[in-house]
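See below for the structure under consideration.
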Amino acid sequence: MQTDRIGVNAVGLVFEKIGFAFREQPIEDYGIDAIIERRVSGKPSGELIGVQIKSGVSFFNEVKNNKVIYRGKLSHYNYWLNYSLPVILVLYNPETELCIYELIDQKKIEKTDRGWKIEIDCSNELEKSEIALTAICSRQSEYQTRLNTLAFSKGLMALAEQGELIAEIMEWVNKSSGRGEFILKKVDSDGNETLLSESAIFGFGLKSYEEVIQELFPWANIEVDALFYDVHGDKEFIEYSRNGRKIYPCENRAGEVDFYRLILSLNEVGKSFLTLNTFLNEGEMYHVRFDQ
């Protein structure tokens, strides 16, 4: 598990370096560790790619003609090929810090007796992948990127429909990378909090977190946890940071980190998407094409 965390953190930093915001999955998703989003002029583009990260020396044991051979299970093969986003597989060697990748593409995969395999050229270094990943992103229409953004968040939407969701966010105010630490919690009817995820997000540059947070959760109404702010917040800092803003931090820690505690509830976009999602999964319709 420690090797996995080292790999995820290292890979996240590489993506941030080449111009992609890196977001670990807030809800466990079978076979997908993170989503990356291309930045355009420092702003999120909505163009997304799914990422599966494999960290460890053992993944580099089978090499032929300077290509690492990765062997996988058929369950992952079917899942990745049918995923709503393009998916790349990233291998990270914690000893040499070599980080390579390949797009999961049916043409690049060979079926085997026990599953499937794909060859990843050792020259496919993630640090040199900006142009290739941008090309993958550019195949997506604006409609697709918006739909994929919502589909990626449907697990969180379902939880928000069941009860209160809390986002605790730490913004590193003196970092030009736009780094933030995000903790998501679910609150039950008795007020008990359950940790859903804890992850770092990179790549928002100097964009204000008021904008960033709303863009991260387009399906949610977002408001500060007023009760928490009253009890635990720095009242003088709150008055200073509010300044007419809807989303603002309640304290600053050591002059480096602004701390937010926010309540997320479904807005009309979120409610409508869950209704559509239920229909797509369970609804009935004739498969007829009406040409115009």
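Only this structure's heavy atoms are used, side chains among them; waters, hydrogens and symmetry mates stay out. Please read all numbers here as calculations on a predicted model, not as lab measurements. Residue numbers count from 1 along this sequence.
With respect to Glu161 and Lys271, no salt bridge is recorded, no charged nitrogen being found less than 4.0 Å from a carboxylate O. No salt bridge links Lys186 with Glu193; every basic N to acidic carboxylate O contact stays at or beyond 4.0 Å. Classification of Glu168 and Lys185 as a salt-bridged pair holds, one side-chain N sitting under 4.0 Å from a carboxylate O. Using a 4.0 Å cut-off between a side-chain N of Lys or Arg and a carboxylate O of Asp or Glu, Glu102 and Lys108 qualify as a salt bridge.
No hydrogens or angles considered: nothing links the side chains of Glu210 and Tyr248 as a donor-acceptor pair under 3.5 Å. Side-chain N/O atoms of Asn221 and Asn267 include no donor and acceptor closer than 3.5 Å.
Contact annotation: the side chain of Ile35 never approaches that of Phe22 to less than 4.5 Å [non-hydrogen atoms, C-beta and beyond]. Side-chain contact between Val257 and Glu181 is absent, with no heavy atoms from C-beta onward closer than 4.5 Å. When side chains are defined from C-beta on, Leu91 counts as touching Val68, because their heavy atoms get closer than 4.5 Å. Counting heavy atoms from C-beta outward, Phe15 and Ile18 have side chains that approach closer than 4.5 Å. Contact of the Leu266 side chain with the Leu274 side chain is registered, since non-hydrogen atoms from C-beta on lie closer than 4.5 Å. Residues Ile120 and Lys67 are not in side-chain contact: their nearest non-hydrogen atoms beyond the backbone lie 4.5 Å or more apart. Using a 4.5 Å heavy-atom threshold, the side chains of Val87 and Leu89 count as separate. Ser58 is not listed as a side-chain neighbour of Phe60, based on a closest heavy-atom distance of 4.5 Å or more.
Using modelled atom types, one side-chain atom of Asn78 and one backbone atom of Leu74 make a donor-acceptor pair closer than 3.5 Å. Looking at Asp33, its side chain does come within 3.5 Å of a backbone N or O of Ile53 through a donor-acceptor pair. Side chain of Ser272 to main chain of Val269: no donor-acceptor pair is present (N/O by atom type, distance under 3.5 Å, no hydrogens or angles). Checking side-chain atoms of Asp234 against main-chain N and O of Glu236 turns up a donor-acceptor pair under 3.5 Å. Checking side-chain atoms of Asp190 against main-chain N and O of Asn192 turns up no donor-acceptor pair under 3.5 Å. Listed for the Asn93 side chain is no donor-acceptor partner under 3.5 Å among the backbone atoms of Glu97. With hydrogens and angles ignored, the 3.5 Å screen pairs no side-chain donor or acceptor of Ser129 with any backbone N or O of Ala132. In this structure a side-chain-to-backbone donor-acceptor pair under 3.5 Å is missing from Lys117 to Gly72.
Open room surrounds CZ on Arg146; 12 or fewer heavy atoms of other groups in view lie less than 6.0 Å from it. Within a 6.0 Å radius of NZ in Lys128, other residues, nucleotides and ligands contribute 12 heavy atoms or fewer.
Residue Ile69 is not grouped with residue Ile100 when hydrophobic side chains (ILVMFWY) are merged at heavy-atom distances under 4.5 angstrom, including chains of intermediate members. One hydrophobic cluster, built from ILVMFWY side chains closer than 4.5 Å, cannot hold both Ile213 and Ile166; they sit in different ones. In this structure, Phe182 is not a member of the same hydrophobic cluster as Ile263, with clusters built from ILVMFWY side-chain heavy atoms closer than 4.5 Å. By the criterion of side-chain heavy atoms lying less than 4.5 angstrom apart, applied directly or through intervening Ile, Leu, Val, Met, Phe, Trp or Tyr residues, Ile49 is not grouped with Val40; the two fall into different hydrophobic clusters. Residues Leu156 and Leu147 share a hydrophobic cluster, clusters being chains of Ile/Leu/Val/Met/Phe/Trp/Tyr side chains in contact below 4.5 Å.
In this structure, the ring of Trp172 has its center no less than 6.0 angstrom from the ring center of Tyr209.
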Set out, in order, the CA-CA distance, both residues' side-chain angles and the distance that settles salt bridge (charged side-chain N to carboxylate O under 4.0 Å, His left out) for Arg71 and Glu62, then state yes or no. CA-CA 10 Å; Arg71 298 181 182 273; Glu62 189 175 358; 2.8 Å; yes

For Asp121 and Asn66: C-alpha separation, side-chain torsions, deciding distance, then whether side-chain contact (heavy atoms from CB on, under 4.5 Å) applies. CA-CA 6 Å; Asp121 199 302; Asn66 203 41; 4.0 Å; yes

Full working for salt bridge (charged side-chain N to carboxylate O under 4.0 Å, His left out) between Glu223 and Lys246: CA-CA 7 Å; Glu223 57 183 340; Lys246 178 184 175 183; over 6 Å; no

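Every residue meeting the salt bridge (charged side-chain N to carboxylate O under 4.0 Å, His left out) condition with Asp225, not counting sequence neighbours, appears here in chain and number order: Arg261.
Ile104 approaches Ile109 most closely through the heavy-atom pair CG2-CD1, 3.9 Å. Nearest heavy atoms, Ser55 versus Gly7: OG-CA, 3.4 Å. Considering every non-hydrogen atom in both Gly255 and Val173, the closest pair reads O-CG2, 4.0 Å. Across Ile238 and Gly233, no two heavy atoms sit closer than the pair CD1-CA, 4.0 Å. The minimum heavy-atom distance between Cys122 and Glu125, with the atom names listed, is O-CG, 3.7 Å.
Figure legend: cation-pi geometry between Arg253 and Phe259, with NZ or CZ positioned under 6.0 Å from the six-membered ring centre and within 45° of its axis.
Between Phe217 and Trp219, the ring planes are perpendicular. Angles over 60° get that label, and only those under 30° would be called parallel.
Distance check, rounded to the nearest 0.5 Å: CG of Leu280 to NZ of Lys154 gives 9.0 Å. To the nearest 0.5 angstrom, Leu165 atom CG is 11.0 Å from Ile222 atom CD1. Ile88 CD1 to Asn124 CG: the interatomic distance, rounded to the nearest 0.5 Å, is 10.5 Å.
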